[in-house]
Amino acid sequence: MSMGCHEVRDQLPFYAAGTIPAEQRSAIADHLASCPDCRAEVALWSAVGDQVTAEDRRLPAPSKAVLLGALDRVRRERQRVSAPMRLWQLLRAQVPLVRRSLWPASAVIMAASCLLSLGLPQGGPILLAVVAPLVAAAGVAMIYGPENDPALELALATPTSPRQVLLARLALVYGYDLALALAGSLALSAFGGPAYALRGLVLSWLGPMTLLSALALTLSLWIGATNGATVSFLFWLARWLLPAPGAAHALALPVPGLATLAAALELLAGSAPIQFGLAALLLSLGLWRVGQATVPGRTWA
Amino acid sequence: MAGGDEEALRTLYATHGRRLLAYAFRLTGNRALAEEVLQDSLLAAWRGARSFRGDGRAISWLLGIVHRQALNATRRKRLPGIGLEEAEAAGTVLAAPPADVASAVDRRDALGAAIGALSVEHRAVLELVFYQQLTLAETAQVCGCPLGTVKSRLNHAKARLRQALEQAGRGAEDLL
């Protein structure tokens, strides 16, 4: 259906400027084909656009002193703010930039796993120890990158380096999950009876949670948040589903190499120093990657 | 301040400096003041970047900062800038267009003079729509006004430009 003049008029300046979406553009063009009044108006706006643009193009580029003065003022301002205050500001500034749903979702899943643990027969794996690393890995995979942060492009041009941003967000999300898992462990040890000794509980999830988070974060920087989280999940599932060496297991499959993988995972799961060491290695790799991915002088769309 | 931070501000300046200066100049009409506004805006962007949530293009966020800084600067220096007084004064220009508009031979000169005779608010909107290539919503965001105000400013500017061209003996149809 053809549009009328009154529907088109307000859009004509934007039509002349070329900032109207393609589908509306063709509808307006149809109207213009049969309306000399609106055509004259577009001609007026086009001439205005040419004039304004020509005037602006004649304006010389800003002098270098503008930038140097701004840099000088930034330097002076930064000196006035103490280091702990800067750290606090950095952490606080990241809170609204992390996905809002992450906070309640992590808390609900951790709380549910604690409640379910109380109902499950004792002797098997502790549910919190299975769930806490997964929750932390999923959260940490989502802290960085354009997939998660529409403001990242701008943040990259701010005085905070990308590595600082990454570390601040990691500290926030990992710290939050750590606090949740600790609270869950305290609750289990208080209400769950003698099987839930606090020290054993904490040791059951702390190492795996740290390693899986580092794995998810670093993978997310290369292959995106969703893929990074998925690969980490599969890694963690393999740890629980593959048969322990020498044990009879429902999933014991005659696949070559499976036993070796299971043995490696078993070794990994049983050694906290290996877990923390690997986590540190993965995090270093991630920080190196973030430094590489931000090239000075990049342009914004 | 780490070296990378300086690089970031330099990048911002290299990418958007010219456009931001053009807008600052359009609002202040004074080159030295426009550069002062640009420097204040760079600092304000650096301070406020952590609060930018990415709901929109970076350029319209930056132009909004320039708009507010220019408003502050013109108020501080008591210069005729963007304000209500200017909008009211615009009415008197409509009644009596400058002599050079009427006598302009070339229609481009007539149009340029007529645009120059508009109030700062109206010139700002033309600048945002045509040179800065913003949408209606982005223009309203930069000016800090409702969409309807942008539309009425455009209509007002159009009426006055058409009138100025007619008085210069150049109708809008000449532009076809």
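These numbers come from a predicted model, not from an experiment. To find a chain, count down the sequence lines: A is the first, B the second, and so on, and within it residues start at 1.
- Between the side chain of B:Tyr131 and the backbone N or O of A:Asp50, no donor-acceptor pair lies under 3.5 Å.
- With rounding to the nearest 0.5 angstrom, the CG atom of B:Leu111 is 5.0 Å from the CD atom of A:Gln51.
- Between the side chain of B:Arg31 and the backbone N or O of A:Pro60, at least one donor-acceptor pair lies under 3.5 Å.
- By the 4.5 Å heavy-atom criterion applied to side chains, B:Arg18 and A:Leu59 are not counted as neighbours.
- When the candidates B:Asn155, B:Leu154, B:Leu38, B:Leu42 are compared by the number of heavy-atom contacts under 4.5 Å with chain A, B:Leu154 comes out ahead.
- Interatomic distance, CD of B:Gln39 versus CG of A:Asp72, reported as 8.5 Å (0.5 Å rounding).
- Taking CZ of A:Phe14 as the start and CD of B:Gln133 as the end, the distance is 11.0 Å to the nearest 0.5 Å.
- When heavy atoms are compared at a cutoff of 4.5 Å, B:Leu126 approaches chain A by way of both its backbone and its side chain.
- Looking at A:Ala65, the atoms closer than 4.5 Å to chain B (heavy atoms on both sides) all sit in the backbone: N, CA, C or O.
- For chain A, no part of B:Arg19 is nearby; none of its heavy atoms comes within less than 4.5 Å.
- With respect to the salt-bridge test (charged N to carboxylate O, under 4.0 angstrom), the residues A:Asp56 and B:Arg26 qualify.
- Of the listed residues B:Ile115, B:Leu161, B:Leu136, B:Leu134, the one with more heavy-atom pairs under 4.5 angstrom with chain A than any other is B:Leu136.
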